[in-house]
Number of protein chains: 2
Amino acid sequence: MVKITDVARHAGVSPSTVSYALSGKRPISAETRERIEASIRELGYRPHAGARALASSRSNVLALVVPFRSGIHVPVVMQFAVSVVTTARQHDHDVLLLTQEEGEEGLRRVADTALVDALIVMDVQLHDARLPLLRALDRPSVLIGFPAEPAGLTCIDLDFAAAGGACVTHLAELGHRCVALVGSPPEVYLRRTGFAQRVTQGFTAAADERGLTSTVHPCEATPAAAQAMAERLLREHPELTGVVVHNEPVVQPLIEAFRRLGLRVPEDLSVVAICPDELAEQAPLPISSVAVPTARIGARAVELLMRKLDGLEVPEATMLPPWLTRRATTAPRGG
Amino acid sequence: MVKITDVARHAGVSPSTVSYALSGKRPISAETRERIEASIRELGYRPHAGARALASSRSNVLALVVPFRSGIHVPVVMQFAVSVVTTARQHDHDVLLLTQEEGEEGLRRVADTALVDALIVMDVQLHDARLPLLRALDRPSVLIGFPAEPAGLTCIDLDFAAAGGACVTHLAELGHRCVALVGSPPEVYLRRTGFAQRVTQGFTAAADERGLTSTVHPCEATPAAAQAMAERLLREHPELTGVVVHNEPVVQPLIEAFRRLGLRVPEDLSVVAICPDELAEQAPLPISSVAVPTARIGARAVELLMRKLDGLEVPEATMLPPWLTRRATTAPRGG
DNA sequence: TGATCAAGTCGAATCGCTTCGACCACGAGA
DNA sequence: TCTCGTGGTCGAAGCGATTCGACTTGATCA
């Protein structure tokens, strides 16, 4: 293995000069720097991560805690993960993957052993058991999702309440008077996951404000559940003309179920989803939707973390505004 | 931060004794060990990962390279990842997440900087550009999937050829005489990904052997493509009664498309899939399938790696035998 | 009664890098 | 002319573990 002293000898300088040339923390003459860079290339030098971490007390590794429980949509998690990794690399950091299962002990472990410099936590519950730990930890963290009490933490997410509201507004402007929200599976509500509740709040508030009739229905993430839900909605709310879906796996099956029940989409029934754009775009009939901007959220989370690592202040709450794209599944009521 | 010397002082022993008590590499009297463990608990000591890596030249971190390209089924990737992380933790290792995008340079980087001890690579192509590098690297690796030339590497995967064959055998034993394979998207074949080709080979060979009429059809991973595929199959092969699907997102849509075209499943048409059991089980009509045992493969990959890290010999090729579970989508021909 | 050996412990070297303080040379300002 | 600051470099002291050799002690065996 070639080490920094080898490079130094080869370039005719001291090890510290090589280090400074690499880090840029002290000025090095252009001439010397070039000589060093040439030696590095020639010898194929790579700084030893462990040694670097020991000496600098920076590992240049971020922890990412991913959920893998029922009720969460796996492709969305993966999109977050990929965008976190990609962005981290742009900032010269790597990403250590932790599962929710490891729990608090896992977080403490990677933080206390200095294996990671900072943490990103996904799928935060309203009263998440990990919050006290994250607040107490000596390492910075960013939560994707909002707990009930975000004070003292850095959180980022789509503004799900506004997203729910935007869907209602869209339907209301198209003349719809009776709307329903088909939401996440019941266990997600039981776990008291923030985004599910916020969508409901935004949805209900906007409907009330505009005087629409509205109902909310959690729904299992299976085609069979979608079918049952469609039947139930038509039975219980015959005057229903607008549906908001916040449950990725169910969007398409639900539309198909309504069709089977004899309703045309969007002529008889408008459907608007809250889901990643990819999913909305590549449906057979492109779906009007509020985007869940996974890539932006992941990238932003990393950037917030980098700023915190640099000792800079960052906002405690970052709520990305919703953006509704009208596609083929919404139309004016009765037309 | 509390370090090993603090523990040593507190327990009245030397640092090396603490180290040996922790690693078990030299005998330590029970009494001393208990004293040390008490001190560790009391002081809340955690060995510094970087220091440990530097001194022992072991980081206790594994790299996992995940694909995120079109044509691969994201939930399957996630299942692998979770099982790799879980198993790695059981062996006191962590997992660093790399994306395919980082390419060879990424592999070289984490290996050369000693950031990781070993690598797991998913989604291996038949003539993967990374193979020479993996062979040359001084760190052990395991591939999930088989390249054309696996010599000198350690590979593990489901025996996809046998899986294709098992599906045909199952259909043949039910009396079917004309079968079709609906496979992965065309780009997967174009990339020359091993498993796609192997399924085809096994499928065709088994059909030939038993004198069945057979055809093979790559298929985009969308509901619309599934619909088109169903129509085309019925048009071009009116005598078709058995379909093998190796394309997760399309399984369910394809069955629905056949139904819409007036075929009853399984009475008129038997369908057998190659997919994770979860997907087959939770379909509205449970699907007869050969399992893709993601959890087992991931766990096994880690165990192979651990053995290699311990300097033990491991088999170059590990092919898990297919296991077909008959569920509700296959029935005797004409029955 | 030594010689031998294993168990149990210690001290010191080492892993490869970063960083701090010091030093030199040189141009600018007084 | 003397200082002062600054660009550029070096040497040495860590960072916090692991590991190797050596030492003590007591038991075992001839």
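Throughout, protein chains are lettered first and strands after them, A, B, ... in sequence-line order, and every chain is numbered starting at 1. Remember, it's a predicted structure, so these values are computed and weren't measured experimentally.
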> If we ignore angles and hydrogens, is there a donor and acceptor under 3.5 Å between the side chains of A:Ser83 and A:Thr86?
Replying inline: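 No donor-acceptor contact under 3.5 Å links the two side chains.
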
>> Does either side chain, that of A:Thr17 or that of A:Ser14, offer a donor lying less than 3.5 Å from an acceptor on the other one?
In response: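 A pair is found: one side chain offers a donor N or O, the other an acceptor, under 3.5 Å apart.
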
> Do side-chain atoms of A:Arg139 reach the backbone of A:Val110 as a donor and acceptor pair under 3.5 angstrom?
Replying inline: no

> Once you build an axis from the first five pairs and another from the last five of the helix from C:dT1-D:dA30 to C:dA30-D:dT1, how far apart in angle are they, to 10 degrees?
Replying inline: 40°

> Just checking A:Ser16: base, sugar-phosphate only, or nothing, at a heavy-atom cut-off of under 4.0 Å?
Replying inline: base

> At under 4.0 Å between heavy atoms, what does B:Ser56 touch on the DNA or RNA strands: base, sugar-phosphate, or nothing?
Replying inline: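 Counting heavy atoms under 4.0 Å across all strands, the contact made by B:Ser56 is with sugar-phosphate only.
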
> Only one of A:Thr113, A:Val116, A:Leu97, A:Leu115 forms a side chain to side chain contact (heavy atoms under 4.5 Å, CB included) with B:Asp94, so which one is it?
Replying inline: A:Leu115

>> Contact list please: residues 25-45 of chain B against DNA chain D, heavy atoms, distance less than 4.0 Å, in numerical order.
In response: B:Lys25, B:Arg26, B:Tyr45

>> Other residues, nucleotides and ligands only: do more than 12 of their heavy atoms fall within 6.0 Å of CZ on A:Arg89?
In response: yes

> Quick check: are there more than 12 heavy atoms from other residues, nucleotides or ligands sitting under 6.0 Å from CZ of B:Arg46?
Replying inline: yes

[N] [atom2] sits how many Å from [X] [atom1], rounded?
X        : N      : atom1 : atom2 : answer
B:Leu22  : D:dG16 : CG    : C1'   : 13 Å
A:Leu54  : D:dG14 : CG    : P     : 14 Å
B:Lys3   : D:dG14 : NZ    : P     : 10 Å
B:Arg52  : D:dG16 : CZ    : C1'   : 11 Å
A:Asp112 : D:dG16 : CG    : P     : 14 Å

> For B:Arg307 and B:Glu313, what are the C-alpha separation, side-chain angles and deciding distance, and is it a salt bridge (Lys or Arg N to Asp or Glu O under 4.0 Å)?
Replying inline: CA-CA 7 Å; B:Arg307 243 172 255 151; B:Glu313 288 294 311; over 6 Å; no

> Could you give the start and end, 5' to 3', of the contact zone on DNA chain C for chain A, using atoms under 4.0 Å from its heavy atoms?
Replying inline: C:dG16 to C:dA22

> Side chains of A:Leu96 and B:Val61: does their closest heavy-atom pair fall under 4.5 Å?
Replying inline: yes

>> Heavy-atom nearest nucleotide on DNA chain D for B:Gly50 versus B:Thr17: which residue maps closer to 5'?
In response: B:Gly50

> Is there a side-chain polar atom (N or O) of A:Ser14 under 4.0 Å from OP1 or OP2 of D:dG11?
Replying inline: no

>> For a quick test of reading the model, state the closest non-hydrogen atom pair linking B:Phe146 to B:Met319 and the distance between them.
In response: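 The answer is CZ-CG, 4.0 Å.
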
>> Ignoring hydrogens, what is the shortest heavy-atom contact between B:Val124 and B:Ile144? Give both atom names and the distance.
In response: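 Here B:Val124 and B:Ile144 meet closest at CG2-O, 3.8 Å.
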
>> Assess the residue pair B:Leu320 and B:Ile297 against the criterion (side-chain contact (heavy atoms from CB on, under 4.5 Å)); give the C-alpha distance rounded to whole Å, side-chain angles, the decisive distance to 0.1 Å, and a yes or no.
In response: CA-CA 8 Å; B:Leu320 302 185; B:Ile297 296 175; 3.5 Å; yes

